[in-house]
There are 2 protein chains.
Amino acid sequence: MSMNIGAAARASGISAKMIRYYESIGLISPDRLANGYRCYEARDVHLLSFIRTTRALGFSIEQVRSLLALWQDRSRSSADVKALASGHLDVLRERVRATQTIIATLEHLSAACHGDLRPDCPILDGLTGGPRHDGQIALPARAT
Amino acid sequence: MSMNIGAAARASGISAKMIRYYESIGLISPDRLANGYRCYEARDVHLLSFIRTTRALGFSIEQVRSLLALWQDRSRSSADVKALASGHLDVLRERVRATQTIIATLEHLSAACHGDLRPDCPILDGLTGGPRHDGQIALPARAT
DNA sequence: CTTGACCTTCCCATGATTGGAAGGTGCAGG
DNA sequence: CCTGCACCTTCCAATCATGGGAAGGTCAAG
């Protein structure tokens, strides 16, 4: 059940590079063989998979660290976990909203552009944030 | 009409720090006074506003560079601009789609969580990417 | 014994932005 | 004139998560 970092990478879907990085920031602490080679048990791979899943869901490393602490804390309350997930959901929803605003703006500009060989282009005109003259576009606040 | 970097920052909405950075990567080339102080004309501020708008719409610095080149090219075709905007739109739409998948996954987990003081938590169970047992969640491909 | 596939550590790069240190400049008041 | 203060300059570093690569050690098969 004990494996090298390469095997652990294949088993968890995290690159060996990132596994070493996660170790360097204290997310995981594998044993070492007499070689100096890192040695991963089944539970380590399990933990790495947890990290991979949470990262894929857009949690930051620090959030993953919190989730890991909760995960390993037998006396945790599920409310704590739910609060963390809920806060992240708010961020994600806001991100979608902001991006959709950007999309609408770009679509609006693009629709006005005839897209031919002439140099006249409403997109560039709309992107010009200088002196407002006509129907100036509204700028979204944050782009992520 | 000529101004310091601080005034240009206030006028364009870009921090002085970033204005210097944009200069260092060749997006803008203001004159210098005998002081060594940078000197911005109205057209420089206009250009900075253009950069701010495009960045706010989520274009990368390199895309902004392309847009700037088109902007300043009198013989450009509007089709080129539209193609660039269209490609960016595709990226943005995909980003929204991926984020919405993540949101759906998290909402699904969160809805199953009673969120009380008990340690039992379906969210953490769902985040466990280890050995599948029950209704395992589907992982979105990329998180951004 | 050689070869190739691993492993180790270390440093560097990305993209966009922010922060700070150390030092020069300009303008106002005392 | 001196002193502050607000501004400017350059340079260096950090962020976040990841990838790339060099230089060298280890192991198993041929």
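Chain letters run A, B, ... following the sequence lines, proteins first, then strands; residues in each count from 1.
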Query raised in the report: Under 4.0 Å between a side-chain N/O of B:R55 and OP1 or OP2 of C:dT17, yes or no?
Result: yes
Requested in this report: Respond yes when some side-chain nitrogen or oxygen of A:Y37 is under 4.0 Å from OP1 or OP2 of D:dC27, and no when none is.
Outcome: no
Report task. Please report, rounded to the nearest Å, how far the P atom of D:dC16 is from the CZ atom of A:F59. Result -> 18 Å
Report summary line: To the nearest angstrom, the CD1-C1' distance between B:I5 and D:dT10 comes to 12 Å
Query raised in the report: Rounded to the Å, how far apart are B:R32 CZ and D:dT10 C1'?
Result: 10 Å
Requested in this report: Provide, to the nearest angstrom, the distance between the CE atom belonging to A:M3 and the C1' atom belonging to C:dC7.
Outcome: 15 Å
Query raised in the report: Separation of B:K17 atom NZ from D:dA14 atom P, in whole Å?
Result: 14 Å
Query - Which residue lies more 5' along DNA chain D, comparing B:R10 with A:S60 via nearest heavy atoms - result: B:R10
Report task. With sequence neighbours excluded, give me every ring-ring contact (aromatic ring centres under 6.0 Å, His included) pair touching residues 12-39 of chain A. Result -> none
Query raised in the report: More than 12 non-hydrogen atoms from neighbouring residues, nucleotides or ligands closer than 6.0 Å to CZ on B:R32, yes or no?
Result: yes
Report task. In whole angstrom, give the distance that lies between atom CD1 of A:I19 and atom P of C:dT9. Result -> 13 Å
Query raised in the report: B:R55 side chain to B:F59 main-chain N or O, any donor-acceptor pair under 3.5 Å?
Result: yes
Query raised in the report: Relative to each other, are the rings of B:H46 and B:W71 parallel, tilted or perpendicular (30° and 60° limits)?
Result: perpendicular
Query raised in the report: Side-chain N or O of B:R20 less than 4.0 angstrom from OP1 or OP2 on D:dC8?
Result: no
Query raised in the report: Between D:dG19, C:dG19, D:dT10, which nucleotide has the shortest distance from any of its atoms to the side chain of A:M18?
Result: D:dG19
Query raised in the report: Just to confirm, is there a sub-4.0 Å distance from OP1 or OP2 of C:dT18 to any side-chain nitrogen or oxygen of B:S15?
Result: yes
**Report entry** Nearest-Å distance for atom pair CD1/P, residues A:I61 and D:dA14
**Finding:** 19 Å
Query raised in the report: Can you tell which of C:dT17, D:dG21, D:dC8 lies closest to the side chain of B:Y21?
Result: C:dT17
Report task. Would you indicate which nucleotide in C:dG19, C:dA16, C:dG26 comes nearest to any side-chain atom of B:N35? Result -> C:dG26
Requested in this report: Send over the distance from A:E62 CD to D:dC16 C1', rounded to a whole Å.
Outcome: 10 Å
Query raised in the report: Just to confirm, is there a sub-4.0 Å distance from OP1 or OP2 of C:dT8 to any side-chain nitrogen or oxygen of A:R38?
Result: yes
Query - Under-4.0 Å side-chain N/O to phosphate OP1/OP2 contact, B:Y22 with C:dT17 - result: yes
Query raised in the report: A:I25, A:I5: one ILVMFWY side-chain cluster at the under-4.5 Å cut-off?
Result: yes
